[in-house]
Number of protein chains: 2
Amino acid sequence: MLHSLRNYINRITSSTISDEEFKYGEAAFKMKTLKKKQFLLHEGSVCKFMSFIINGAMRQYHIDDKGNEHIISFGIEEWWISDRGSFTNLTPSRYNIDAIEDTNLLVTTRDEINSLKESSPLFLKMAHILDENSFIASQKRVEATISYTAEEKFIYLMETNPVFVKRFPQNMLASYLGITPETLSRVRKSLLGK
Amino acid sequence: MLHSLRNYINRITSSTISDEEFKYGEAAFKMKTLKKKQFLLHEGSVCKFMSFIINGAMRQYHIDDKGNEHIISFGIEEWWISDRGSFTNLTPSRYNIDAIEDTNLLVTTRDEINSLKESSPLFLKMAHILDENSFIASQKRVEATISYTAEEKFIYLMETNPVFVKRFPQNMLASYLGITPETLSRVRKSLLGK
DNA sequence: AAAATGGCTTGATATAGATCAATAATTCTA
DNA sequence: TAGAATTATTGATCTATATCAAGCCATTTT
């Protein structure tokens, strides 16, 4: 299980973490298993963890006044899932996080990750690069949502995250893109004839 | 001029940087002055710098096929402006960055900031917190753009960045929100009667 | 001071996408 | 494997917002 995290650290830091340094990390994480539809976080509570996905898939979403779900982010293998705003500022979360598939996670808390970042340079670097990449990806998504049509949004999703398109139901993809499932269905149909 | 940066570092790291440590930083930055409408970055070129705004205001935007501008971000006093994707991956930028007002900047390059982060713990911490905050803010903006109506988007902007609303022309605010200037004008009119 | 420019408002119309509703396909699950 | 639940499609409207167009301020420029 932990080798997945180790793999990830090596990949995104472009390094090879030593057994010794990785040992520090192991202690900071606890395994957690969720069945499909089980919750990791409920709206209103503080997000006290960051979770690394070993396998399975998760989503982070908000439910508005009309009961519509808006998916803020997906997570799959070797991604992190958390409400970073709530986690960092210890404020109540506006989001729910639940499992789209049966999922295995490595969970760590704020304190643990902070001391880990102090004791392990590679964990620190990893955290840094994670944030940097997250921001870059999020800003691109902002651009897509403010400037693209429904069709362009879907094409952009296929280009950036084809895995999502294969793996998640269309209603969730629509929610992630900020369009209705009906519109997504029509967009896909019209793309077939092109 | 540099005291503005010093101020910022102390503020966001919740520390007081020593004269000694700040000296390291000074060398990494060059002053730059831009008049209103002057460019800092043109679409197609690699963004080789990060710039800290001393005073004035900047914007980062993309121009689409139809000639419409889409503002990805604004920057004002004590904000950074850069295309982080291009900066980090050395890829050609999709964006323009220009001055909305006469602006003074402290400019630093990739190499300089990297070595600065190695030699100064507080600069490192600052960079880290900047990325973290940028991601959190960007993710909130994603939520707003995928789930809010035009009116809600504007209200959200007034809540999160009232300064922008006071300072920038409505057509730019509209572009930032992903709506037309006409719609923003009507939204504001309707809000007055509430 | 006239002219030009840029920004804002307002009205008329068009349209992309939402909503509502029904059916069909798929996949859980007991 | 039948029945239930979930997901996807399709059609008929509706509506929020875009588009097009004109006029009006307020600045800036000459």
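Chain A is the first sequence line, chain B the second, and so forth, proteins listed ahead of strands; every chain is numbered from 1.
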Requested in this report: Measure the angle between the two terminal helix axes of the helix from C:dA1-D:dT30 to C:dA30-D:dT1, five base pairs each, and quote it to 10°.
Outcome: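 Between the first-five-pair axis and the last-five-pair axis there is 50°.
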Report task. List in chain and number order the residues that pass side chain to side chain contact (heavy atoms under 4.5 Å, CB included) with B:Asn133, two or more places apart in sequence or in another chain; answer none if no residue qualifies. Result ->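 So B:Asn133 forms a side chain to side chain contact (heavy atoms under 4.5 Å, CB included) with B:Ile129.
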Query raised in the report: Under the side chain to side chain contact (heavy atoms under 4.5 Å, CB included) test, which residues partner A:Ile63, sequence neighbours left out?
Result: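 Only A:Tyr61, A:Glu69, A:Asn96 meet the side chain to side chain contact (heavy atoms under 4.5 Å, CB included) criterion with A:Ile63.
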Requested in this report: Would you mind classifying the nucleic acid contact of A:Leu184 as base, sugar-phosphate or nothing, using non-hydrogen atoms under 4.0 angstrom?
Outcome: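 Contact class for A:Leu184: none.
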Report task. Using a 4.0 Å heavy-atom cut-off, write out nucleotides 19-30 of chain D from 5' to 3' as B (base contacted by protein), S (sugar-phosphate only) or - (no contact). Result -> BBB---------
Atom-pair distance ([atom1] on [X]; [atom2] on [N]), nearest Å:
X	N	atom1	atom2	result
A:Ile179	D:dA8	CD1	P	12 Å
B:Lys153	D:dA16	NZ	P	14 Å
A:Asn171	D:dT10	CG	C1'	17 Å

Test side-chain hydrogen bond (donor to acceptor under 3.5 Å, both in side chains) applied to [X] - qualifying residues, sequence neighbours left out:
X	answer
B:Arg167	B:Glu77, B:Glu101
A:Ser73	A:Gln60
B:Ser86	none

Query raised in the report: With sequence neighbours excluded, what pairs up with B:Phe87 under the ring pair (Phe, Tyr, Trp, His ring centres under 6.0 Å) test?
Result: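 Scan of B:Phe87 (ring pair (Phe, Tyr, Trp, His ring centres under 6.0 Å), adjacent residues dropped) gives none.
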Query raised in the report: Under a 4.5 Å side-chain heavy-atom rule over Ile, Leu, Val, Met, Phe, Trp and Tyr, are A:Tyr8 and A:Ile17 clustered together?
Result: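 Same hydrophobic cluster.
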Query raised in the report: First contact, last contact: which nucleotides of DNA chain C are these for chain B, 5' to 3', heavy-atom distance under 4.0 Å?
Result: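 First and last nucleotides in contact are C:dG6 to C:dA12.
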Listing, residues 26-43 of chain B side-chain donor-acceptor contacts under 3.5 Å, not counting sequence neighbours, or none:
{"residue": "B:Thr33", "atom": "OG1", "partner": "B:Asn104", "partner atom": "OD1", "Å": "2.8"}
{"residue": "B:Gln38", "atom": "OE1", "partner": "B:Lys35", "partner atom": "N", "Å": "2.7"}

Requested in this report: Keeping to residues at least two apart or across chains, list the ring pair (Phe, Tyr, Trp, His ring centres under 6.0 Å) pairs with something in residues 122-147 of chain B.
Outcome: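 Qualifying pairs, neighbours excluded: A:His128-B:His128.
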**Report entry** Sequence neighbours excluded - side-chain hydrogen bond (donor to acceptor under 3.5 Å, both in side chains) pairs with any residue from residues 113-127 of chain A
**Finding:**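 Matches after skipping sequence neighbours: A:Glu21-A:Ser120.
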Query raised in the report: Within a radius of less than 6.0 Å around OH of B:Tyr156, do more than 12 heavy atoms belonging to other residues, nucleotides or ligands occur?
Result: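 Atom OH in B:Tyr156 is packed in, count exceeds 12.
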**Report entry** Nearest-nucleotide comparison on DNA chain D, the residue closer to the 5′ end among B:Ala150 and A:Arg188
**Finding:**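 The 5'-side residue here is A:Arg188.
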